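In what follows, a structure is listed as structure tokens, so that the remarks can point back to it.
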Amino acid sequence: MSTTTTSITAGVKEILSAHPEAKRDSLIPILQEIQEKQGFLSREAVVEVGKALNLPVSKIYGVATFYNQFRFAPQGKYHIQVCRGTACHVKGSAAVLDSLKRELKIDSGETTRDGLFSLEVVACIGACGLAPVINIDGNFHANLTSQKIPGIVNQYRKQG
Amino acid sequence: MKINNAFLQWAIDGADPKTGQKEWEDRMVALRRENVQKPVVFIGTGTCGLGAGAAFTLEKIRQYLEKNAIDADIVEVGCIGLCVEEPLVDVQLPGRCRLMGKTITQDKVDEFLKAVFAGETPKGLTLAQFKTDGLEPWDGVKFQDEHPFFGPQTRWVLRNCGVINPASLEEYLARDGYRGLKKVLSTMSGEAVCKEIEQSGLRGRGGGGFPTGMKWKFAFAQKDPQKYLVCNADEGDPGAFMDRAVIEGDPHRLLEGMAIAAYAIGADKGYIYIRAEYPLAIERLKHAIAEAEANNLLGEKILGTDFSLKMIIKMGAGAFVCGEETALIHSMEGERGEPTVKPPFPAESGYLGKPTNVNNVETYANVPVIFLKGPEWFSSIGTEKSKGTKVFALAGKINNVGLIEVPMGITLREIIYEIGGGIKGGKKFKAMQTGGPSGGCLVEKHLDTPIDYENLSAAGSMMGSGGMIVLDEDDCMVSVAKYYLEFTVEESCGKCVPCRVGNKRLHETLEKICEGKGTEEDLPYLKNLSNVIKDTSLCGLGQTSPNPVLSTMEYFWDEYVAHVTTRTCPSGKCKALMTYTIDPAKCTGCTLCARNCPVDAIAGEKREPHVIDQTKCIRCGACYDKCKFSAINVQ
């Protein structure tokens, strides 16, 4: 077993130990905790949860892939969430998203090769007064146009 | 966290001056901020405020107070609703009315506070002021009830939002908090509570509009000793943020409403199923629950009675279909959030097979006031079948983007042109989309229709949870319908065929039309397929998902026809039907566009105007984004 695998498994065991006698209805909270700590749901983590809850791995993937929240690959250093709510849509979020995809050369749900950026489309951030809006690691960028995107991305690139 | 118990008892018994102590009354006045001893600076730090830079403003305010050695309290409040003027900062000086400042970004803090602390009205930075008897008003500033945005509103659910400190149980108590619960626990039976809710005419605010009292009665009538209460705070409708604002701004109102409901049906566990995307709301809720438990307003043997209620937060993992109650319950059980056929209704067999009552945040938040003021008072506002108020999230092409609460029966015209301040940029109103992806649109002829559950359904839309998106003449209705279908296709759980396959076909056809590849036969096909999906889907998601298509087809048939016959988009929104050209007068020949064009469609010499080859252009917009001289025209 490689070191990363060992540390993932150890981390998952630690989370599971906080849920003694966990039953099926604890599955989603456990997965959420793992993602919170490890950034994504790895195969090793899912297998470990399956053992603890006595559930087939296929069932866990069935649940995890159903919800938008769960990721199965690591995030980039900067995680970009693009709001695609209706208020943002009518103010041009589709063009903003296109521009981001073009600038980063990735599709939503992917991470750039250098591991710097990952892109995610979210249904609604609930900040409709700022539309169209994107959220980069908790920092909101409001009232965007597609033209502002190259500048914003470069700013983060410079920080490295 | 622990409040003096005698004070608390006195407050929830109605704070009668005859029975109270002088010291308690002073405390009440202080908590209600009818007057203050030292200056108080309020700042809206809801998600929307933070997004607009409230955190930076807050830091600047701290620096300013420190630098000028001003002794003042800073209170972080929720959202008062006028999102477009964020960050919102209020100041209350001793002896003076509370002044509301607008768009106080960090660079305006010094100017704003300097004027206020000098006792002068800061020009151009004020929104309104609170009206309080005996306090000196500010010159040249409107009172809140005269302000066009706040004046026509009736704020019951949002009464405290943006006004009180959401992290203070005492402030909620000072504004009649938990009095409804106290009255219910000490004088009423569960059955009587259900009956009063029925009399009030309260209907589910999550969209369906099912009578709340009737729902509670079903759950009450179940004999099982273990029952559950669930609050649906999984606000998945894109463009709606009512529930978030209530929880961030006044969490105890929700908790009190839930406690009353739990007592009525006989539940001892309350679950709040909330979106994980709302971290601030979750934090405020956790704090409020802990504080209520510490003061015996939740938890074991509430207020010394035999009624106990344990409140548990469950974080949703992001699925629109979980707004459907059976799907929500499956998700709570750790399953995929797929709906099941009703009956059995959750009231008979819900969470873990036990009787369960599910309502949404706004419904519960309406409950305390019904017991405080009586069902007749509640039903005195509204239309024949829709009572009380409704909170709407007003967004899109409107001047006053924000959260509003209006009496049922108000007209669209009042909402758009009075409260909303008209269409952005003086453009022409085209349509108002209500009910999100499940709703439809209202058009000019509906401007004077009173808004209630029945009238909205009759117009082919629905109340929904309260999203109101205003569209102007520049919006393409075919593309709006396509947008909603894109959302539904993404969010369909895939369990039943009409929804899983039908919506996909609908979306493909709309996409084809927007790309200029549609034919006239596509239009009757869209209509027919929409009706089939509506009639045959399993749950509310599929039964309502074709509504945006049907309603835009009804009111904007011409636009559909233009897309498929002349292959034009009358609003100039559909990308594939657009043309990019370069304005030779503005082009400096910097070559930036040509270097960035992914298909080499742009040609030209250095320092000479460039040209786009229309046969190669894929209309990606890269040139438009990159051009530093605004030389690219889009038609």
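First the proteins, then the strands, lettered A, B, ... as listed; each starts at 1. Predicted model only: the values in this text are computed from it and were never measured.
When the candidates B:E335, B:K314, B:M315, B:M332 are compared by the number of heavy-atom contacts under 4.5 Å with chain A, B:E335 comes out ahead. Of the listed residues B:G318, B:A395, B:A317, the one with more heavy-atom pairs under 4.5 angstrom with chain A than any other is B:A317. Contact count against chain B (heavy-atom pairs under 4.5 Å) is highest for A:V63 among A:L55, A:N135, A:N139, A:V63. Annotation: maximal heavy-atom pairing with chain A below 4.5 Å, among B:N596, B:V470, B:I469, occurs at B:I469. Residue with the most contacts toward chain A among B:E277, B:M242, B:E333: B:E333 (heavy-atom pairs, distance under 4.5 Å). Between chain A and the residues B:A240, B:P279, B:C620, B:A245, the largest count of heavy-atom pairs under 4.5 Å involves B:C620. Most heavy-atom pairs under 4.5 Å with chain B: of the set A:H89, A:R84, A:K91, this distinction falls to A:H89. Per-residue heavy-atom pair counts under 4.5 Å with chain A were compared for B:E85, B:E86, B:R275, B:E490, and the maximum is reached by B:R275. By number of non-hydrogen pairs under 4.5 angstrom with chain B, the leading residue of A:F70, A:F140, A:F66 is A:F66.
The two atoms that bring B:C493 and B:E338 nearest to each other are SG-CG, 3.7 Å, heavy atoms only.
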From CA spacing to verdict: side-chain hydrogen bond (donor to acceptor under 3.5 Å, both in side chains), A:S108, A:E120: CA-CA 5 Å; A:S108 62; A:E120 184 189 359; over 6 Å; no
CA sep, side-chain torsions, deciding dist, call: B:D475, B:S571, side chain to side chain contact (heavy atoms under 4.5 Å, CB included): CA-CA 6 Å; B:D475 287 302; B:S571 319; 5.8 Å; no
A:I136 and A:I152: CA distance, side-chain angles, deciding distance, side chain to side chain contact (heavy atoms under 4.5 Å, CB included) verdict: CA-CA 10 Å; A:I136 307 182; A:I152 294 174; 4.0 Å; yes
Derivation of the side chain to side chain contact (heavy atoms under 4.5 Å, CB included) call for B:C48 and B:R244: CA-CA 10 Å; B:C48 37; B:R244 176 177 66 73; 4.0 Å; yes
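Using a 4.5 Å cut-off between heavy atoms, A:E103 touches chain B through its side chain atoms alone. Using a 4.5 Å cut-off between heavy atoms, B:A52 touches chain A through backbone and side chain atoms alike. Only the side chain of A:R102 comes within contact range of chain B, with at least one heavy atom under 4.5 Å from a heavy atom of that chain.
Between the OH atom in B:Y483 and the SG atom in B:C476 there is a gap of 15.0 Å [rounded to 0.5 Å]. Interatomic distance, A:I80 CD1 to A:D137 CG, rounded to the nearest 0.5 Å: 8.5 Å.
For residues 624-632 of chain B, the interface with chain A (any heavy-atom pair closer than 4.5 Å) comprises B:Y624, B:D625, B:K626, sorted by residue number.
Salt bridge status for A:D107 with A:K101: present, with a side-chain N to carboxylate O gap under 4.0 Å.
Between A:H141 and A:Y156, the ring planes are perpendicular. Angles over 60° get that label, and only those under 30° would be called parallel.
A 6.0 Å sphere centred on CD of A:E36 holds no more than 12 heavy atoms belonging to other residues, nucleotides or ligands.
With A:I30 as the fixed residue, the side chain to side chain contact (heavy atoms under 4.5 Å, CB included) test singles out one of A:I60, A:L16, A:V12: A:L16.
Using modelled atom types, one finds no donor on one side chain facing an acceptor on the other under 3.5 Å when comparing B:Y278 with B:E248.
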